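Working notes, structure below.
Quick caveat, the model's predicted, so the values are computed rather than measured.
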Amino acid sequence: MATAQPSPDVPGPLADLAARRKEAYEGPGAAATERQHAKGKLTVRERVELLLDKGSFTEVEAFRRHRATGFGLEAKKPYTDGVITGWGRVEGRTVFVYAHDFRIFGGALGEAHAAKIHKIMDMAISAGAPLVSLNDGAGARIQEGVSALAGYGGIFRRNTRASGVIPQISVMLGPCAGGAAYSPALTDFVFMVRDTSQMFITGPDVVQAVTGEEITQNGLGGANVHAQTSGVAHFAYDDEETCIAEVRHLLTLLPANNREMPPYEPADDPADRTSPALTELVPADGSRAYDVRPVIEELVDDGDYMEVHAGWAPNLVCALARLDGHVVGVVANQPAALAGVLDIRASEKGARFVQFCDAFNIPLITLVDVPGFLPGVDQEHDGIIRHGAKLLYAYCNATVPRISVVLRKAYGGAYIVMDSRSIGADVALAWPGNEIAVMGAEGAANVVFRREIAAADDPEHTRRQKIDEYRAELVHPFYAAERGLVDDVIDPRETRPVLARTVAMLLAKDSDLPRRKHGNPPQ
């Protein structure tokens with residue numbers, strides 16, 4: 001990204017080119033840069049330099065200017081028109097990028113600004129390479145009216161066209177209001193920076209005018225709100241440098257497009273490594289809570305994984321990691337939060353993650369320890385049937401390699417939904433202490449033997465007998481294996497080697513869906 005400097009020793013046209021390139025590179029000047037830094041924000045080119053490998057950026061349309069008139073615009077026509085576009089490399093692999101320059105028109109989108117973004121999006125789709133947007137803009141450029149709004153329409157259409165074709169990552173580094181917020185919502189991953197980035201459809205002033213509610217910008221649409229409450233943001237960080245570094249890390253785990261496999265990276269961690277710690281990490285007592293994340297650490301290469309939506313719907317863990325060098329997606333019930341039940345949010349979170357992995361050829365490993373769906377009037381009235389069906393649809397529709405492991409319990413419809421053999425898991429495994437059943441033995445006995453228990457001289461003693469009877473008949477660890485619903489019951493300590501061998505075997509999997517324009521997943 002070095003800028004050529006004008007020299008008296010070169011012909012006029014070359015000096016003019018160097019001067020114009022310097023103007024485009026430096027932007028509106030030192031004062032605007034100081035104001036950007038005073039807000040704790042980097043400039044647009046500092047951000048691009050952090051994202052891409054050093055010296056790899058090739059800029060497109062640096063000399064673009066708007067053609068609008070009126071409201072003083074004709075007197076202010078800066079180069080770039082407030083957005084930097086181009087391509088470069090991340091760890092040697094091509095990545096396309098567009099980045100708003102808040103110093104120019106507040107990063108607001110006008111007709112020329114939008115045309116630059118449209119072009120780079122089209123190039124990314126044609127080249128089959130990921131697209132990263134570094135967002136720091138004030139929305140549509142009001143002075144350009146409907147032309148600016150039409151520019152957003154072109155972005156949304158391309159976001160949708162690129163969905164499932166190339167990875168799309170939105171990085172929120174400043175404000176994003178109104179219709180502008182819909183583009184990040186259409187992309188695969190949204191990164192935010194605490195305190196300096198916000199997203200909302202209507203700002204605090206409008207909210208107060210319409211509803212009377214008073215709230216700050218961060219309280220309405222800050223990083224913590226979207227990472228923990230709304231689920232709009234997949235990742236939130238304290239500073240831009242860390243945020244952009246994590247974007248780079250995510251890109252190393254993703255294929256360039258849907259026609260490629262994720263990048264393989266040889267592992268120093270032996271594929272046949274056993275994990276004695278797993279027998280201690282997961283309590284045998286199904287009612288005891290534990291954190292599933294250390295279990296994931298034991299299974300994946302070097303204990304390294306990237307959790308997606310860590311702050312939202314914590315009762316389900318979704319993560320990208322490597323297993324014997326191959327990228328895998330991990331979906332795991334989290335007994336440490338809501339006992340690991342599936343609810344509306346967890347179902348949506350899992351469905352979105354499964355769909356992403358399926359779109360980009362990432363094998364899925366599902367770690368199951370689920371007592372069922374969360375009961376409650378609110379859950380039913382808010383559509384747990386509809387939302388739970390999203391996760392079911394995503395798994396049933398997925399054609400990538402799919403391996404499920406029942407760590408402890410798997411009850412009712414939640415067992416089916418968590419990639420059971422009956423909905424298409426390629427290989428279904430279970431640990432020796434598994435309980436796979438319609439419901440837990442205690443609840444089942446209370447229903448099946450209700451009258452016998454009520455009529456007994458000692459109801460509690462009879463109830464305990466019936467629980468033991470039900471467990472011995474229908475909930476013992478080999479019941480599902482005897483019926484072919486579990487392929488193998490494995491030693492927990494051998495889980496990593498078994499998974500590594502199974503993933504390697506399934507990498508050549510070829511599975512076609514029926515011919516159709518597209519499915520109609522539950523919404």
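Here the side chain of Lys116 pairs a donor or acceptor atom with the backbone of Glu61 at under 3.5 angstrom. With Arg45 contributing its side chain and Asp101 its backbone, the two residues share no donor-acceptor pair below 3.5 Å. Under the 3.5 Å distance criterion, the side-chain polar atoms of Asn257 are left unmatched by any main-chain donor or acceptor of Val165. Side chain of Lys509 to main chain of Val400: a donor-acceptor pair is present (N/O by atom type, distance under 3.5 Å, no hydrogens or angles). Formation of a donor-acceptor pair under 3.5 Å by the Lys349 side chain with backbone atoms of Leu316 is found in this model. For the pair Asp188 (side chain) and Ile169 (backbone), a donor-acceptor distance under 3.5 Å is absent. The closest donor-acceptor contact from the side chain of Asn258 to the backbone of Gly164 lies under 3.5 Å. Formation of a donor-acceptor pair under 3.5 Å by the Gln334 side chain with backbone atoms of Val292 is found in this model. A donor-acceptor contact shorter than 3.5 Å links the side chain of Asp53 to the backbone of Glu91. One N or O on the side chain of Asp269 and one on the backbone of Asp302 form a donor-acceptor pair closer than 3.5 Å.
Between Phe189 and His234, the ring planes lie perpendicular to each other; the angle is over 60°, past the 30° to 60° tilted range. Taking the six-membered ring for Trp and thresholds of 30 and 60 degrees, Tyr152 and Phe156 have nearly parallel ring planes, at less than 30 degrees apart. Relative orientation of the Phe360 and Phe356 rings is tilted, given thresholds of 30° and 60° on the angle between their planes.
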*For Thr366 and Arg402, run side chain to side chain contact (heavy atoms under 4.5 Å, CB included): C-alpha distance rounded to whole Å, both residues' side-chain angles, the deciding distance at 0.1 Å, then the answer.*
CA-CA 8 Å; Thr366 304; Arg402 292 157 50 189; over 6 Å; no
*Is there a side chain to side chain contact (heavy atoms under 4.5 Å, CB included) between Met199 and Cys176 once you walk through the steps?*
CA-CA 5 Å; Met199 297 174 66; Cys176 185; 4.0 Å; yes
*Determine, step by step, whether Val171 and Val193 satisfy the side chain to side chain contact (heavy atoms under 4.5 Å, CB included) criterion, reporting the C-alpha distance in whole Å, the side-chain angles of both residues, the deciding distance to 0.1 Å, and the verdict.*
CA-CA 8 Å; Val171 190; Val193 176; 5.8 Å; no
*Report the C-alpha separation of Thr252 and His249 in whole Å, then their side-chain angles, then the decisive distance to 0.1 Å, and conclude whether the side chain to side chain contact (heavy atoms under 4.5 Å, CB included) test is met.*
CA-CA 5 Å; Thr252 66; His249 177 55; 3.8 Å; yes
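Summarising the geometry of His309 relative to Ala233, their closest heavy-atom pair is CD2-O, 3.2 Å, with the distance given to 0.1 Å. Of all the heavy atoms in Arg293 and Tyr305, the pair that sits closest is CB-OH, 3.2 Å. The two residues Leu250 and Leu254 make their nearest non-hydrogen contact at O-CG, 3.3 Å. What you find for Ala24 and Ala62 is that their closest heavy atoms are CB-O, 3.8 Å. Nearest heavy-atom pair, Leu323 versus Arg496, reported as atom, atom and distance to 0.1 Å: CD1-NH1, 3.6 Å. For the pair Asp419 and Ile403, the tightest heavy-atom approach, listed with the atom from each and the gap, is OD2-N, 4.3 Å.
At a threshold of 4.0 Å, the pair Asp343-Arg345 does not count as salt-bridged, since none of the basic side-chain nitrogens sits closer than that to a carboxylate oxygen. Asp304 has no carboxylate O lying under 4.0 Å from a charged side-chain N of Arg322, or vice versa, which leaves the two without a salt bridge. Taking 4.0 Å as the cut-off between side-chain N and carboxylate O, Glu240 and Lys41 do not count as a salt-bridged pair.
Remark: Arg65 is positioned above the aromatic ring of Tyr79, its terminal NZ or CZ atom under 6.0 angstrom from the ring centre and at most 45 degrees off the axis.
If you check the side chains of Arg103 and Thr33, you find a donor sitting under 3.5 Å from an acceptor. Of the N and O atoms on the side chains of Asn135 and Ser133, at least one donor lies less than 3.5 Å from an acceptor on the other residue.
Looking at heavy atoms from C-beta onward, Asn159 lies in side-chain contact with Met121 at the 4.5 angstrom threshold. At least one side-chain heavy atom of Leu278 sits less than 4.5 Å from a side-chain heavy atom of Leu281. Proximity of Ile125 to Ile166: side-chain heavy atoms (C-beta onward) are separated by under 4.5 Å at one or more points.
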